[in-house]
Amino acid sequence: MSELVKRILFAVPAAILFIFLTWMGGWYFKGFVIFIGFFIQQEVMRLMSSAGNPTDQYFPYTIGLWIMLFPVLPFAFEIGLGILLLFIAIQTFDTTEESITKLSSSFFAGLYAPVGLLCLMLIRDLGTNETGFLLTLAAVLMVWGGDVFAYFGGRSFGKRKLAPAISPNKTWEGFISGYVGCFVGLAIALYAIPFETSVTMTLTLPLILLVGTFGPIGDLIESKIKRKAGVKDSSDLLPGHGGFFDRFDALLLVAPAVYIYLQLIQKFGYVSF
């Protein structure tokens, strides 16, 4: 079975499941996202260790779970302070050579994916069920569209390398093509889904710039870590797709960028969700 067939056979049912759980919302969606977050953190911790920056074995999960549950936890801030105090106290008495490295790498592994996934959950909770679903799906479709157009644009027209030291196959032509893909993904979300919402193309056009920029950056930061770790994929959990980090690397930065923009246009009165 070819790699392309494997990718398609896995991607189609996975996409259907993701869209279904996104529509269901609530704890169906949150539980699914937290589940994904656990595997991304596991992969990040493994990559960091292989790259010579080992993390604490448990605290990244603790930090990540706290972040993703922050909006619903009672005394969430106080719990976070307690986690911080406990982590610092334990690391203070760690006398191994990697103890200083563990401080920074554990915080990165604990914060990076969970913050992005928290923003995805916050986007889903904006406005009515239909609005939250539309906004979340728009962000995801823009990432997918950007990836597809960047790939084929790079293969067809790519000449100038974007970041040769990090990801030699990425080109500026592919990067620019990604913006076209983001527009296509946004158009599909807004015009193919028959919902009456306050979300319009005019209001969401700036998202093309945000998603088209931060998606590739999310891809590149993962590539940078994998290159340092000496691996091609973050794991082999997803047939034909590598790992969860490989599939969600762009979305981890896109979701915060999209959430910030949506909050700003709402605060300044351009839209009401």
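All residue numbers refer to positions in the sequence shown, counting from 1.
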Exercise for the section: May I ask whether Phe195 and Leu137 are part of the same hydrophobic cluster, defined by side-chain heavy atoms of I, L, V, M, F, W, Y residues being less than 4.5 angstrom apart, directly or through others? Expected result: yes
Problem - Residue pairs, two or more places apart or on separate chains, that pass ring pair (Phe, Tyr, Trp, His ring centres under 6.0 Å) and touch residues 248-273 - result: none
Handout entry: Those residues that, when tested against Asp236, pass side chain to side chain contact (heavy atoms under 4.5 Å, CB included) (two or more places apart)
Key = none
Exercise for the section: Sequence neighbours left out, what passes side chain to side chain donor-acceptor pair (under 3.5 Å) with Gln266? Give chain and number order. Expected result: none
Practice task
Report the residues that fulfil side chain to side chain contact (heavy atoms under 4.5 Å, CB included) with Ser50, sequence neighbours left out, ordered by chain and then residue number.
Solution key: Ala229
Practice task
Sorted by first residue and then second, give each ring pair (Phe, Tyr, Trp, His ring centres under 6.0 Å) pair with at least one member in residues 109-128; sequence neighbours left out.
Solution key: Phe108-Tyr112
Exercise for the section: Could you list the residues that satisfy salt bridge (charged side-chain N to carboxylate O under 4.0 Å, His left out) with Asp94, not counting sequence neighbours? Expected result: Lys102
Report, one line per pair, each donor and acceptor closer than 3.5 Å where one atom sits in a side chain of residues 142-159; sequence neighbours left out.
from, atom 1, to, atom 2, distance (Å)
Tyr151, OH, Arg155, NH1, 3.0
Ser156, OG, Phe152, O, 2.9

Show me the donor-acceptor pairs, under 3.5 Å and distance only, between side chains in residues 177-194 and residues at least two apart or in other chains.
from, atom 1, to, atom 2, distance (Å)
Ser177, OG, Glu173, O, 2.8
Tyr179, OH, Thr213, OG1, 2.7

Do any side-chain atoms of residues 38-49 form donor-acceptor pairs under 3.5 angstrom with protein atoms, and if so which ones, sequence neighbours left out?
from, atom 1, to, atom 2, distance (Å)
Gln41, NE2, Pro60, O, 2.7
Gln41, NE2, Ala109, O, 3.0
Glu43, OE1, Ser234, OG, 2.9
Glu43, OE1, Phe244, N, 3.1
Glu43, OE1, Phe245, N, 2.7
Glu43, OE2, Ser235, OG, 2.7
Glu43, OE2, Phe244, N, 3.0

Practice task
Give every residue pair that meets the salt bridge (charged side-chain N to carboxylate O under 4.0 Å, His left out) criterion with at least one member in residues 30-40, sequence neighbours excluded.
Solution key: Lys30-Asp125
Extract all donor-acceptor atom pairs below 3.5 Å that involve side chains of residues 162-172 and protein atoms in other chains or at least two apart in sequence.
from, atom 1, to, atom 2, distance (Å)
Ser167, OG, Lys170, NZ, 3.4
Lys170, NZ, Asp219, OD2, 3.4
Thr171, OG1, Gly174, N, 3.1
Trp172, NE1, Lys161, O, 3.4

Solution key, residues 61-89 side-chain donor-acceptor pairs under 3.5 Å, sequence neighbours excluded:
from, atom 1, to, atom 2, distance (Å)
Thr62, OG1, Tyr58, O, 3.3
Trp66, NE1, Ala76, O, 2.7

Problem - Within one Ile-Leu-Val-Met-Phe-Trp-Tyr cluster: Trp23 and Trp27, side-chain cutoff 4.5 Å - result: yes
Problem - Nearest non-hydrogen partners of Arg124 and Phe133, listed with the distance - result: NH1-N, 3.4 Å
